[in-house]
Asks: 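Structure in structure tokens, see below.
What you see below is based on every heavy atom in this structure, not just the backbone, and it leaves out hydrogens, waters and symmetry mates.
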Amino acid sequence: MAASTWDASELVQLAADLDKDPVEIVKGLRGIMAKAAVNMKKQLRAEMQASPHFKGAAHRISYDMITVGDDTVVVDVGPSHGEGDPGSLGNIAYFGTSKGGGTVPDPIGALEAEVSAAEAWIGRLLAGEL
């Protein structure tokens with residue numbers, strides 16, 4: 001799976017500067033990141049499902065969200081891997097080999113599609129609208 005790490009330490013400092021509770025800011029960030037992960041998972045599944053050769057691996061796309069320390073949220077979205085697991089075809093589906101593959105859009109597209117929405121939600125969080 002591909003990981004996206006959001007270090008919220010600067011948000012925590014900004015929250016303090018704005019007289020916001022840093023704990024609440026990080027809690028809100030977790031919710032925003034969970035929604036972003038779900039949206040990316042849906043997009044990646046739809047793209048994989050559209051492939052005639054790799055659609056069997058679509059159901060193996062999932063996400064994990066981990067909080068590291070007090071202010072870092074890691075979201076890991078993509079196909080699962082393991083011997084005999086259809087998700088193990090993810091690298092071939094996305095990037096191909098010398099014999100073919102690489103027909104499913106790059107997963108970075110799902111991340112790029114979600115960035116502006118996540119930034120807008122983070123702005124609303126800091127403005128106290130959430």
Side-chain angles (χ1 to χ4, degrees):
M1 289 197 234
S4 176
T5 302
W6 289 48
D7 181 350
S9 59
E10 290 180 16
L11 283 178
V12 169
Q13 182 59 47
L14 180 59
D17 292 345
L18 296 172
D19 291 328
K20 305 284 184 187
D21 181 4
V23 173
E24 289 301 312
I25 295 295
V26 173
K27 181 179 174 184
L29 179 64
R30 285 186 198 112
I32 291 168
M33 295 307 298
K35 179 61 176 165
V38 167
N39 290 344
M40 288 186 285
K41 179 184 84 168
K42 286 180 182 178
Q43 180 176 336
L44 293 177
R45 281 187 173 186
E47 291 170 352
M48 189 73 75
Q49 184 66 36
S51 170
H53 304 292
F54 299 105
K55 63 183 171 187
H59 73 283
R60 299 301 296 169
I61 294 174
S62 61
Y63 76 92
D64 293 317
M65 189 169 72
I66 304 159
T67 303
V68 180
D70 292 334
D71 55 16
T72 302
V73 179
V74 178
V75 175
D76 194 14
V77 184
S80 60
H81 296 279
E83 190 174 329
D85 188 338
S88 296
L89 295 173
N91 284 343
I92 297 170
Y94 291 125
F95 308 112
T97 69
S98 61
K99 297 182 180 185
T103 57
V104 177
D106 191 321
I108 196 73
L111 176 62
E112 290 171 347
E114 201 56 34
V115 166
S116 61
E119 287 175 346
W121 282 104
I122 291 169
R124 290 182 68 189
L125 175 69
L126 291 174
E129 297 175 13
L130 300 180

Asks: Of the non-hydrogen atoms in Met40 and Leu111, which two are nearest, and what is the gap between them?
Replies: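 For Met40 versus Leu111, the nearest heavy atoms are SD-CA, 3.6 Å.
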Asks: Just how far is it from atom CD of Glu47 to atom CZ of Phe54, taken to the nearest 0.5 Å?
Replies: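 If we round to the nearest 0.5 Å, Glu47:CD and Phe54:CZ are 14.0 Å apart.
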Asks: Rounded to the nearest 0.5 Å, what's the gap from CD on Glu119 to CZ on Arg124? Could you check?
Replies: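 Separation between the atoms: 15.0 Å.
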Asks: What's the shortest heavy-atom distance between Leu44 and Ala110, and which atoms?
Replies: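 Heavy-atom minimum between the residues: CD2-CB, 3.8 Å.
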Asks: Show me the donor-acceptor pairs, under 3.5 Å and distance only, between side chains in residues 94-106 and residues at least two apart or in other chains.
Replies:
unit_1, atom_1, unit_2, atom_2, d
Thr97, OG1, Lys99, N, 3.0
Thr97, OG1, Gly100, O, 3.4
Asp106, OD1, Ile108, N, 2.9

Asks: Does any non-hydrogen side-chain atom of Ile122 lie less than 4.5 Å from one of Ile32?
Replies: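 Side chain of Ile32 against side chain of Ile122, heavy atoms only: contact under 4.5 Å found.
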Asks: With Lys35, which residues qualify under side-chain contact (heavy atoms from CB on, under 4.5 Å), at least two apart?
Replies: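 So Lys35 forms a side-chain contact (heavy atoms from CB on, under 4.5 Å) with Asn39.
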Asks: Testing the basics here: between Ala93 and Met48, what is the closest heavy-atom pair and its distance to 0.1 Å?
Replies: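 Reported closest heavy-atom pair: CB-SD, 3.8 Å.
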Asks: At their closest point, which heavy atom of Ala58 faces which heavy atom of Arg45, and how far apart are they?
Replies: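 Looking at all heavy atoms of both residues, the shortest contact is O-CG, 3.2 Å.
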Asks: Ignoring hydrogens, what is the shortest heavy-atom contact between Val75 and Ala37? Give both atom names and the distance.
Replies: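 The answer is CG1-CB, 3.4 Å.
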Asks: Which heavy atom of Pro79 sits nearest a heavy atom of Gly90, and at what distance?
Replies: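 That would be CG-CA, 3.8 Å.
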Asks: Supply the atom-to-atom distance Ile66 CD1 to Met33 CE, rounded to the nearest 0.5 angstrom.
Replies: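 It comes to 12.0 Å.
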